[in-house]
Amino acid sequence: MTRVRFAPSPTGHLHVGGARTAIFNWLFAKHSGGTFIIRVEDTDQARSTAESEVMVLDDLRWLGLLWDEGPDIGGPHAPYRQSERVNRYAEVARELLTRGVVYRCYCTEEELEAKRKEAEVAGRPPHYDLKCWINRRDDDQSPHAMRFHVPDDGDVTIDDLIRGEVTWKRESLGDFILIRSDGHPTYNFSVVVDDHDMQISHVIRAEEHLTNTHRQVLIYRAMEWAIPQFAHVSLILGQDRTKLSKRHGATSVSAYAEAGFLPDAMLNYLTMLGWSAPDGRDVFDRQYAIENFTLDRVNSAPAVFDPQKFEWLNGQYIHAMSAAALRPLVLQSIGIDTPWLEEAIDVVKTSVHLLPQFREVLRFVTEYNTPSIDQAFATSVADDLREHGAPHDADAVKAMNERLKKATGLKGKELFMPLRLAMTGMDHGPELVRAIPLLARASESDPGVLSPLARIEQCIR
RNA sequence: GGCGCAUUCGUCUAGGGGUCCAGGACGCCGCCCUCUCACGGCGGUAACACGGGUUCAAAUCCCGUAUGCGCUACCA
């Protein structure tokens, strides 16, 4: 049974990098019929907040990634918040102490900092100097941290599902802290205890954790616990090829939601950053991604986030949606609620990539800036509209065009451009056979919309 | 500094020794459709970081170099 987890630290909104890690975990779980778990890593008291946890969980839900076990819904291995598991970490640390691989360290941060600097200047690796390992003390009253002693046989090799074999030498590691002097565990410790307790089978996480795996495997070995499979996903970079951050503009999932991106498009785009479909397609739905997602198709090189391609993809999703499905989303995005909205969406949707753009492309309905056009032409149009009424479908528009052709002697661009200008007040927009019926109908149900006849009358001085 | 990971068109990628003078997508350019803007269709532009090996044959395997990134914390 595969069990995977996404383990965010609640220090802000969900980031696109974190979102992709969550997506890969979720896809992997769904593909294998396994369990997807959310675990909140809030051991950093200074940066973690309860509000952030709510935001991150909301962002995950918005993306449509639902979990089987988590801090809000519980599960067989609750609690799923590390701050609520400190007793468990202390318990494991005591066990490790008994086994003689962990010791109390009474060195102060200042002392350690000074030694690190010294080592750096001397060109030595900035590893812990083993002072408290050599002078072992079991004074529980004085403030102390719990430190892990790297054993002589501390070489580690893992078989990463994305990167293949990765090996570290014992010498590349100094003794490291498991429990801070304030009683809270460090990341490398809590992650091992939790992944073991929660029976995680596959640890799929960002590449920044790759070298941490060396420490973690050592802890698994000291506890004689089964070691999970690891898969380290590369980072997402900004256009300048540095790790994506606030400097690059919007980086949180919620910011993209507000900018008018759709959850499905975001899931698709982020999945595409690092994973490729076996048949090479790049527009795919969740079901396809679930059915085809395997780790061996995940690219180990970092990927640059490309807003242009993301926008294009979002457009593909908008174009493929029905006007009825789009209506509530557009409503929410631009706040225009009218009886004619659905028809209007259908007329203009191919010209938008982002939800808020509907406001702009619908302006020809909601506003009218009187253009200056040939008076004789305007009169002909006004006469036709009075005699035949405003066209309500494409055929009626075509019939009107034929009559205007005869009445004015104009054709092609000479006819359509002034007509477009007169009807919409703009020199661009959806095809007239759809725009004019929309205006006709919209003006009947909405007094705020000028009818075709009212428009042409404004053109006549 | 040490250790680790990475390196195919501007970007996302396909590619697992011969089918690759490298395929697809976004972008860009051009053409078509067309009253316009989009949409759509067609075509074009553009890449195996560098240097050594191994091999009859290397984008693909090995070794170096360069560059980028990560870790080297009582951050995660």
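So you know, we letter chains A, B, ... as the sequences are listed, proteins then strands, and number each from 1.
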Ring-face cation contact, [Y] with [X], 6.0 Å cut, 45° max:
X: A:Arg215; Y: A:Phe148; value: no
X: A:Arg147; Y: A:Tyr128; value: yes
X: A:Arg39; Y: A:Phe6; value: no

Syn/anti label of B:rG43 as read from its glycosidic torsion, with the cut at 90° from 0: anti
Flag the pair [X] and [Y] as a salt bridge only when some basic side-chain nitrogen lies within less than 4.0 angstrom of an acidic carboxylate oxygen.
X: A:Lys115; Y: A:Glu111; result: yes
X: A:Glu120; Y: A:Lys117; result: no
X: A:Arg81; Y: A:Glu53; result: yes

For [N], the Watson-Crick or wobble partner whose two distances fall under 3.5 Å:
N: B:rA6; answer: B:rU67
N: B:rC75; answer: none
N: B:rA14; answer: none
N: B:rC42; answer: B:rG30
N: B:rU36; answer: none
N: B:rU60; answer: none

Given A:Leu295, A:Ile23, A:Asn292, the one that forms side-chain contact (heavy atoms from CB on, under 4.5 Å) with A:Trp275: A:Asn292
Closest-nucleotide ordering on RNA chain B, the 5'-leading residue of A:Leu235 and A:Leu210: A:Leu210
Which listed nucleotide ([options]) is nearest to the side chain of [X]?
X: A:Gln316; options: B:rG40, B:rG4, B:rC3; result: B:rG40
X: A:His319; options: B:rU7, B:rC35, B:rC39; result: B:rC39
X: A:Asp306; options: B:rC26, B:rC5, B:rG70; result: B:rC26
X: A:Glu207; options: B:rG4, B:rC35, B:rG27; result: B:rG4

Selection residues 182-193 of chain A - residue pairs positive for salt bridge (Lys or Arg N to Asp or Glu O under 4.0 Å), sequence neighbours left out: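 Pairs touching residues 182-193 of chain A that pass the test: none.
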Between the protein and nucleotides 13-15 of chain B, which nitrogen or oxygen pairs come in under 3.5 angstrom?
from   : atom 1 : to       : atom 2 : distance (Å)
B:rU13 : OP1    : A:Gly274 : N      : 2.7
B:rA14 : OP1    : A:Ser276 : OG     : 3.2
B:rG15 : OP1    : A:Arg297 : NH1    : 3.4

Taking only the [atom1] atom of each, what is the distance from [N] to [M] in whole angstrom?
N: B:rG17; M: B:rA58; atom1: P; answer: 14 Å
N: B:rU11; M: B:rG16; atom1: C1'; answer: 24 Å
N: B:rG44; M: B:rC26; atom1: C1'; answer: 16 Å
N: B:rA59; M: B:rG23; atom1: C1'; answer: 13 Å
N: B:rU60; M: B:rU19; atom1: P; answer: 13 Å
N: B:rG52; M: B:rC9; atom1: C1'; answer: 26 Å
N: B:rU13; M: B:rA46; atom1: C1'; answer: 15 Å
N: B:rG15; M: B:rC61; atom1: C1'; answer: 15 Å

Return the value, rounded to whole Å, for the distance between atom [atom1] of [X] and atom [atom2] of [N].
X: A:Phe377; N: B:rC35; atom1: CZ; atom2: C1'; answer: 11 Å
X: A:Glu414; N: B:rU36; atom1: CD; atom2: P; answer: 11 Å
X: A:Lys413; N: B:rC33; atom1: NZ; atom2: P; answer: 14 Å
X: A:Glu311; N: B:rC28; atom1: CD; atom2: C1'; answer: 16 Å
X: A:Phe305; N: B:rG27; atom1: CZ; atom2: P; answer: 15 Å

Touch class at under 4.0 angstrom, heavy-atom based, for A:Thr167 against every strand present: sugar-phosphate
Sugar-phosphate only, base, or nothing, as touched by A:Thr350 at under 4.0 Å among non-hydrogen atoms: base
Those residues of residues 418-437 of chain A lying under 4.0 Å from RNA chain B by at least one heavy atom: A:Arg420, A:Asp427, A:His428, A:Gly429, A:Pro430, A:Glu431, A:Leu432
Contacting residues from residues 130-141 of chain A, given that a heavy atom lies under 4.0 angstrom of RNA chain B: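 The answer is none.
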Sequence-distant partners of A:Asp296, side-chain hydrogen bond (donor to acceptor under 3.5 Å, both in side chains), two or more places apart: A:Thr294
Under 3.5 Å donor-acceptor, A:Asp384 side chain and A:Ser380 backbone: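 Not a single qualifying donor-acceptor pair exists.
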Polar atom pairs (N or O), protein with nucleotides 73-76 of chain B, under 3.5 Å:
from   : atom 1 : to       : atom 2 : distance (Å)
B:rA73 : OP2    : A:Pro126 : O      : 2.9
B:rC74 : OP1    : A:Arg116 : NH1    : 3.4
B:rC74 : O2     : A:Ser181 : N      : 2.9
B:rC74 : O2     : A:Ser181 : OG     : 2.9
B:rC74 : N3     : A:Ser181 : OG     : 2.8
B:rC74 : N4     : A:Cys107 : O      : 2.7
B:rC75 : OP2    : A:Arg180 : NE     : 2.1
B:rC75 : OP2    : A:Arg180 : NH2    : 2.6
B:rC75 : O3'    : A:Arg180 : NH2    : 2.9
B:rC75 : O2'    : A:Asp44  : OD2    : 2.5
B:rC75 : O2'    : A:Arg47  : NH2    : 3.3
B:rA76 : OP1    : A:Thr43  : OG1    : 2.5
B:rA76 : OP1    : A:Arg180 : NH2    : 2.8
B:rA76 : OP2    : A:Arg180 : NH2    : 3.3
B:rA76 : OP2    : A:Tyr187 : N      : 2.8
B:rA76 : O3'    : A:Glu41  : OE1    : 3.2
B:rA76 : O2'    : A:Ser9   : OG     : 3.3
B:rA76 : N6     : A:Asn212 : OD1    : 3.2
B:rA76 : N6     : A:Asn212 : ND2    : 3.0
B:rA76 : N1     : A:Asn212 : ND2    : 3.3

Criterion ring-ring contact (aromatic ring centres under 6.0 Å, His included) on A:Trp133 and A:Tyr103, from CA distance to verdict: CA-CA 7 Å; A:Trp133 170 254; A:Tyr103 55 98; 5.1 Å; yes
Whether A:Phe305 and A:Tyr269 hold their rings parallel, tilted or perpendicular, with breakpoints at 30° and 60°: perpendicular
Test item: side-chain donor near acceptor, A:Ser142 and A:Asp139, under 3.5 Å: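 Indeed, the side chains of A:Ser142 and A:Asp139 share at least one donor-acceptor pair under 3.5 Å.
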A:Tyr187 and A:His209 side chains, donor-acceptor separation under 3.5 Å: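 Per modelled atom types, A:His209 and A:Tyr187 side chains form a pair under 3.5 Å.
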Verdict with reasoning, A:Phe24 to A:Phe293, per ring-ring contact (aromatic ring centres under 6.0 Å, His included): CA-CA 8 Å; A:Phe24 282 7; A:Phe293 186 83; 5.3 Å; yes
Validation row: A:Leu97, A:Met146 side chains within 4.5 angstrom (heavy atoms): yes
